[in-house]
Amino acid sequence: MQSVNEIQEPINTSCVIAHNLDIGYQGEIIVPDVSFELTCGQSLALVGINGSGKTTLLKTIVGLLPPIKGEIRVLGNPPGKNPQQLAYLSQFHDAGFILPLRVKDVVQMGRFTDKGLFGRMTSQDDQIIDASLERMGVADLRDSPLRLLSGGQQQRVYMAQVLARQADLIVLDEPTSNLDASGRELFSRIMDEERQRGAMLIVATHDIQLASECNQAMLLAHEVVAIGPGTEILTPDTLLKTFGIVLLYQGEDKGVGIVEREHGHN
């Protein structure tokens with residue numbers, strides 16, 4: 001699998017920029033003073049426990065929540081002003097259980113921003129949909145009812161919908177939560193390909209290994225604990241502040257281990 005360091009940065013410099021941003025709900029600040037910049041072809045991982053502010057920041061970036069204070073620009077405009085250039089995958093997907101949707105219906109929704117709800121699909125749209133299903137390994141399930149699929153299969157279908165959008169900014173909330181090891185490996189490869197295409201990626205995750213592969217990582221615990229290259233800031237001290245436990249790298253072959261904090265010691 002190609003590493004982040006091997007990816008060539010595109011010349012295009014459109015970006016997401018936040019300065020002194022306070023985010024939250026109905027005037028209540030969840031995370032204060034958030035600042036970062038992301039250029040095309042780069043990725044940012046938001047890392048923290050549930051309730052730490054990851055989803056709040058994602059919703060602010062895509063325009064679902066207004067910032068309480070500070071400045072944020074997304075692809076040169078305020079959040080929510082570039083819907084055709086953005087793909088957002090939340091943690092929860094209710095439509096597949098309310099409507100009798102097939103897999104190909106769900107992926108086709110990725111083209112609605114360009115076509116509109118009742119727009120006519122062209123042969124090019126069909127090719128994009130087919131290619132997205134193939135890339136996520138669910139082409140053989142295209143006519144299957146979504147509600148009958150496993151959690152991991154459903155997550156692959158929703159990722160195929162994101163790919164069909166062909167967006168400049170891809171925003172994902174816990175995208176690997178239902179994936180097995182092969183699914184996570186596929187996800188990492190697909191995300192590398194999207195960055196090479198020039199897309200920006202912002203991913204909320206508990207997966208420390210995934211965060212270490214991103215250009216930048218932001219550790220959140222109702223504050224910005226640290227931000228920078230994942231390989232530099234994912235240290236025992238910052239992870240202790242973020243999770244309340246120490247997570248240690250044990251070498252490339254052994255992956256990441258979790259060591260509980262000993263009582264009476266820092």
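Values reported hereafter were calculated over all heavy atoms of this structure, with side chains retained and with hydrogens, waters and symmetry mates removed.
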Residues R142 and D130 bridged, charged N to O under 4.0 Å: yes
Given 3.5 Å as the limit, does a donor-acceptor pair link the side chain of R111 with the main chain of A164, or not? yes
Under 4.5 Å between any side-chain heavy atoms of I68 and I23, yes or no? no
Evaluate the criterion side chain to side chain contact (heavy atoms under 4.5 Å, CB included) for residue pair T56 and L65; output intermediate values, then yes/no. CA-CA 8 Å; T56 305; L65 286 175; 4.0 Å; yes
Quick one about T235 and D237 (side-chain donor to acceptor, distance below 3.5 Å, no hydrogens or angles considered), yes or no? no
Tell me whether D105 contacts the main-chain N or O of R102 through its side chain, where contact means a donor paired with an acceptor under 3.5 Å. yes
Indicate whether any N or O donor in one side chain lies under 3.5 Å from an N or O acceptor in the other, for T122 and D125. yes
Got a salt bridge between R135 and E194, using NZ or NE/NH1/NH2 to carboxylate O under 4.0 Å? yes
Between the OG atom in S177 and the NE2 atom in H206, the distance rounded to the nearest 0.5 Å is 9.5 Å
Determine whether V224 and L219 make a side-chain contact, defined as any pair of heavy atoms from C-beta on separated by less than 4.5 Å. no
Close side-chain approach of T205 and V47, heavy atoms under 4.5 Å: yes
Can you tell if the side chain of D22 reaches within under 4.5 Å of the side chain of P67, non-hydrogen atoms only? no
Quick one: pull up CG in L133 and CD in Q108 and give me the separation to the nearest 0.5 Å. 10.5 Å
Does H19 reach the main-chain N or O of V34 with its side chain, forming a donor-acceptor pair under 3.5 Å? no
Give the cluster check for L149 versus M109: same hydrophobic cluster or not, with ILVMFWY residues linked at side-chain heavy-atom distances below 4.5 Å. yes
Once rounded to the nearest 0.5 Å, what's the spacing between atom CG of D207 and atom OG of S188? 7.5 Å
Mind checking whether L89 and M159 have side chains closer than 4.5 Å, heavy atoms only? yes
Tell me the closest heavy-atom pair linking C40 and M200, and the distance in Å. CA-CG, 3.4 Å
Verdict with reasoning, I208 to L234, per side chain to side chain contact (heavy atoms under 4.5 Å, CB included): CA-CA 8 Å; I208 302 303; L234 295 170; 4.1 Å; yes
Let me confirm one number: the CZ-CD1 distance from F36 to I17, rounded to the nearest 0.5 Å. 9.5 Å
Min side-chain heavy-atom separation V74-L169 under 4.5 Å: yes
Going by heavy atoms in the side chains, are Y88 and V162 under 4.5 Å from each other? no
Please check if any side-chain donor atom of T55 sits under 3.5 Å from a side-chain acceptor atom of D173, or the reverse. yes
What one should report as the nearest heavy-atom pair of K54 and G48 is NZ-O, 2.8 Å
Could you check M218 against L44 for side chain to side chain contact (heavy atoms under 4.5 Å, CB included), going step by step and ending with a plain yes or no? CA-CA 7 Å; M218 182 187 297; L44 170 66; 4.2 Å; yes
Hydrophobic clustering (ILVMFWY, side-chain heavy atoms < 4.5 Å, transitive) - are V225 and I29 grouped together? no
When rounded to the nearest 0.5 angstrom, what distance separates CD in Q155 from CG in D180? 11.5 Å
For A160 and S132, work out which heavy atoms get closest and say how close. O-CB, 3.4 Å
If you look at every heavy atom in Q153 and S150, which pair is closest and at what distance? OE1-N, 2.9 Å
With no hydrogens and no angle check, do the side chains of R195 and S43 hold a donor and an acceptor under 3.5 Å apart? yes
Any side-chain heavy atom of L46 within less than 4.5 Å of one from L57? yes
Using a 3.5 Å distance criterion without hydrogens, assess whether the side chain of T238 forms a donor-acceptor pair with backbone atoms of I233. yes
Check Q42 against E37 and note the closest heavy-atom contact, atom names and distance. OE1-O, 4.4 Å
Could you go through R189 and D192, starting from their C-alpha distance and side-chain angles, then the distance that decides it, and tell me whether this counts as salt bridge (Lys or Arg N to Asp or Glu O under 4.0 Å)? CA-CA 5 Å; R189 186 173 74 247; D192 277 354; over 6 Å; no
Can you spot which of L86, V16, I72 makes a side-chain contact (heavy atoms from CB on, under 4.5 Å) with P79? I72
One should read off an interatomic distance between S90 OG and K59 NZ, to the nearest 0.5 angstrom, of 7.5 Å
Q85 and D168 side chains, donor-acceptor separation under 3.5 Å: yes
For Y158 and M136, run side chain to side chain contact (heavy atoms under 4.5 Å, CB included): C-alpha distance rounded to whole Å, both residues' side-chain angles, the deciding distance at 0.1 Å, then the answer. CA-CA 9 Å; Y158 286 115; M136 290 309 303; over 6 Å; no
Could you tell me whether a side-chain N or O of K69 sits under 3.5 Å from a main-chain N or O of N20, the two making a donor and an acceptor? no
According to a hydrophobic-cluster definition based on side-chain heavy atoms being under 4.5 Å apart (Ile, Leu, Val, Met, Phe, Trp, Tyr only), do I128 and I170 belong together? no
Minimal heavy-atom distance between A45 and C214, with the atoms involved, is CB-SG, 3.8 Å
